[in-house]
Amino acid sequence: MQGWAGRATLRRMSLLNNRVSAGVIHGLFRLTSRCRFIGLERLPPRGMPCVLAAAHLSHYDPVVIGALLRREIDWLARDEFYRTAGSRWACEHASCIRIDRYGSAMRGVRDARRRLESHRVVGVFPDGEIRRGGESVLNGAALRGGAALLARRAGVPIVPVVALNADQFRRVGPWLPTRVGRLWIGVGEPIFPEQMGTDATWRSQRAALSARLGEAMREVYRELDEAFGLPDGVRP
């Protein structure tokens, strides 16, 4: 998205994805929940593009992560979310990037790369979908290669993120201003694609970068557990 037309389109799309809305939701979550953080200083400075890769444990993850990190994040969203009027409106006005997982994903990949070239933050769930237990990257499962693909092509770092207990908002209690809810969020050290070297083939570089990302996400999870003693109920 370049030029005046591109900026105007992005402003229209960002009704739900800007500093004002993030600030309001951030205040709501701090009012209703006790929030614990590690690694916020590891976030790249504003204006620096990156691929933000998060473990996917809840449908509320994008809102919680964007609000608590107070960043405008353009999340990759599955094509299925565009099939009903309500969810399509939300995706379009949250500046999501539409990805067709069962057709050609290249249109979405090109859109994501343009956003990164425009110094945006692109959010990816490399689990592919909500995964818990042994299927979660936090318990050792392998990741899909989309985050590594984007970072390598755009030449930007990947930032691993873990948010825990966002699923509490399925209940009424955590929405009340009583601070009965609990949220944990951790940010890992940025991973730069060039750290994987340039001698190997593109496929092996992508695999190595995805494996390194998985290790980094598990390290963030361990840091959260060591710092706060995570209760069993929030473990993936």
Side-chain angles (χ1 to χ4, degrees), residues 1-29 40 43-101 103-130 144 146-161 163 166 169 185 187 190:
M1 293 187 178
Q2 302 294 331
W4 181 88
R7 289 193 296 271
T9 300
L10 193 55
R11 282 196 297 271
R12 177 183 63 80
M13 293 169 63
S14 297
L15 177 63
L16 304 177
N17 184 23
N18 53 59
R19 292 192 183 187
V20 173
S21 58
V24 170
I25 301 173
H26 179 272
L28 173 64
F29 287 157
L40 293 183
L43 280 171
R46 291 187 182 275
M48 179 178 176
C50 67
V51 173
L52 191 151
H56 204 5
L57 304 173
S58 167
H59 287 300
Y60 292 94
D61 287 336
V63 178
V64 168
I65 293 171
L68 292 184
L69 296 185
R70 305 193 74 168
R71 295 297 176 98
E72 299 168 40
I73 303 170
D74 299 347
W75 291 97
L76 268 63
R78 298 180 308 190
D79 186 68
E80 297 94 301
F81 289 120
Y82 289 81
R83 294 178 183 173
T84 61
S87 60
R88 181 172 62 251
W89 183 92
C91 286
E92 290 175 348
H93 288 80
S95 58
C96 290
I97 300 166
R98 186 171 184 171
I99 291 288
D100 184 355
R101 298 187 301 164
S104 174
M106 288 312 299
R107 180 177 179 181
V109 171
R110 287 193 293 268
D111 187 6
R113 184 172 178 178
R114 286 194 295 269
R115 307 280 185 99
L116 291 166
E117 291 171 350
S118 298
H119 301 281
R120 303 283 294 182
V121 175
V122 170
V124 180
F125 293 111
D127 279 312
E129 56 189 53
I130 293 175
R144 298 188 179 187
L149 170 68
L150 277 178
R152 191 73 178 87
R153 289 195 172 184
V156 300
I158 305 177
V159 179
V161 172
F169 292 112
I185 188 163
V187 180

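Being a predicted model, the structure only gives us computed values, none of them experimental.
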Do you know the tightest heavy-atom contact between [X] and [Y]?
X	Y	result
I130	S58	CD1-C, 3.7 Å
G66	I73	CA-CD1, 3.9 Å
C96	Y82	CB-OH, 3.6 Å
P157	M48	CG-CE, 3.8 Å
A166	D61	CB-OD1, 3.5 Å
A151	V51	N-CG2, 4.0 Å

To the closest 0.5 Å, what do you measure between CG (L69) and CG (L40)? 6.5 Å
Do [X] and [Y] come within less than 4.5 Å of each other through their side chains, counting heavy atoms only?
X	Y	answer
R19	R70	no
I65	L52	yes
F169	V63	no
V159	P44	yes
V109	I97	no

Under 3.5 Å, is there a donor-acceptor pair between the S21 and N18 side chains?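 Result is yes, a qualifying pair exists.
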Backbone of [Y] reached by a side-chain donor or acceptor of [X] within 3.5 Å:
X	Y	result
D79	R98	no
R71	L43	no
D127	H56	yes
H26	A22	no

Report the relative orientation of the aromatic rings in F81 and H59; use parallel for angles under 30°, tilted for 30 to 60°, perpendicular for over 60°. perpendicular
Are more than 12 heavy atoms, taken from residues, nucleotides or ligands other than R46, located less than 6.0 Å from that residue's CZ atom?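 Buried by this count: over 12 neighbours within 6.0 Å.
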Salt bridge or not between R115 and D111? Use side-chain N to carboxylate O under 4.0 Å.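 Judged by the 4.0 Å cut-off on N to carboxylate O distance, R115 and D111 do form a salt bridge.
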